[in-house]
Amino acid sequence: MRKALVAGNWKMNGTINDVRELASKISQTEQDKVDIMVAPSFVYLHSVSETLSKTNIFLAGQDCSEFDQGAFTGETCADMLVDLGCTHVIVGHSERRQFFGDSDSRVAAKARKAEIKGLCPIVCVGETLEERDRGRTIEVIERQLCAVFKVIENKFVIAYEPVWAIGTGKSATPEMAQEVHENIRQCAAVHSHVDGLDLRILYGGSVKPDNADELFSMPDIDGGLIGGASLDSESFLKICRSAAELVN
Ligand code: PGA
C-alpha cells in the first residue's frame, strides 16, 4: 500500500514573509492519509523549517550538489540540507536539466549523494513536446531512470513531469500520465532494487484543484509535485485533500 504524497515546489518565489505565511497556513491542516512536503528556496529553508517544526510536514531542498563540500560557489550540499531539517531533495527537475545543464549522469550523482547523506531523492523525469511528438516518450524516460537506477541503493520517489506541461496550464490527460506511470513502475521493477509496487510515483505539470481528482484516480499516480498551485495555500490544500481521498 503506497501512501499519497503531495509536494509543493515553491521554486524561486516569494519573500521571507510570504513563505512563512504560506508555511504557517499549510501547517494548519490535519491529514493523516497524505504526506505533505514543501520545497522552498534554499535561503528560506531555515525559516520554513522553524515554522513547520511542530508539524509532520516534510521539508525538501529543490536541488543539491553532487559534491560533498568545498570550493563550489553558489552550490548547496546534501549535508547542509540535512542540517536545516530537510528529509527529501528534488533532483533532475526539468528546469535544472534545461537551464543549468543537469545531465542524466549528474542527476544520478546528485541522487546518490543525497541518499548517502540520508535524504530521500525525488527524481524528476519527463519528455519534451518534441520527444513526445516523435513517439520517444518511454525511451527518454527509461534513459533518465536507468541512469539513476544504476547507482541508487535506498528508497527514492519518482516524479513524472512532462516538460511541456510544467507551468503551461496544459496538464497531461490522466490516461497519458497513467500510461507513463505504469511504464515507470515496470522499469523500476526490472532495473532497480526496489519492488515496483512500493515505489511512489508523483505526477507534476499544471496540477490544479480542478484536475487533481481525475489524475489521482489513476491506479499508478501516487500524488503530485505541484509548482504554481502550491503557492496558494487554499489550492495546495485542496490538492492534498484530493490525494488523501483518491490515491490507492
Ligand atoms: P507547475 O510546476 O505545477 O507550475 O506546472 C510543476 C513543477 O515544476 O514541479
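Counting convention: from 1, in listed order, for ligands and their atoms alike.
For ligand 1, the atoms closer than 4.0 angstrom to any heavy atom of Asn9 are 9 (O). Atoms of ligand 1 found under 4.0 Å from any heavy atom of His93 (numbered from 1 in listed order, with element): 7 (C), 8 (O), 9 (O). Set against the non-hydrogen atoms of Gly205, the atoms of ligand 1 under 4.0 Å away are 5 (O). Which parts of ligand 1 touch Gly167 is read off a 4.0 Å heavy-atom cut-off, strictly below it: atoms 1 (P), 4 (O), 5 (O).
At a threshold of 4.5 Å between non-hydrogen side-chain atoms, the residues Glu130 and Asp133 do not count as touching. Between Ser230 and Trp10 there is a side-chain heavy-atom pair separated by less than 4.5 Å. Counting only heavy atoms from C-beta outward, the side chains of Leu199 and Arg185 approach each other to under 4.5 Å.
Heavy-atom neighbours of Arg134 CZ from other residues, nucleotides or ligands within 6.0 Å: at or below the threshold of 12.
In this structure, Ala165 has a heavy atom closer than 4.0 Å to ligand 1. Not a single heavy atom of Gly204 sits closer than 4.0 Å to an atom of ligand 1.
Using a 3.5 Å distance cut-off with no hydrogens or angles, the side chains of Glu21 and Ser24 do not pair a donor with an acceptor.
Between Phe149 and His191, the distance separating the two ring centers is not shorter than 6.0 angstrom.
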In sequence, state the C-alpha distance, the side-chain angles, and the governing distance for Arg96 and Asp63, and then conclude on salt bridge (Lys or Arg N to Asp or Glu O under 4.0 Å). CA-CA 8 Å; Arg96 300 292 323 170; Asp63 187 35; 3.4 Å; yes
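For Thr168, no nitrogen or oxygen atom sits less than 3.5 Å from a nitrogen or oxygen atom of ligand 1, counting backbone and side chain alike.
Taking each of Glu161, Lys208, Lys11 in turn, the one with a heavy atom nearest to atom 9 (O) of ligand 1 proves to be Glu161.
The salt bridge (Lys or Arg N to Asp or Glu O under 4.0 Å) search around Glu153 returns Arg112, not counting sequence neighbours.
Looking at Ile166 against ligand 1, both its backbone and its side chain come within 4.0 Å, counting heavy atoms.
Scanning the protein for heavy atoms near atom 4 (O) of ligand 1, the closest one is Gly228 N, 2.8 Å. With hydrogens left out, the protein atom closest to atom 3 (O) of ligand 1 is Gly227 N, 2.9 Å, a heavy atom.
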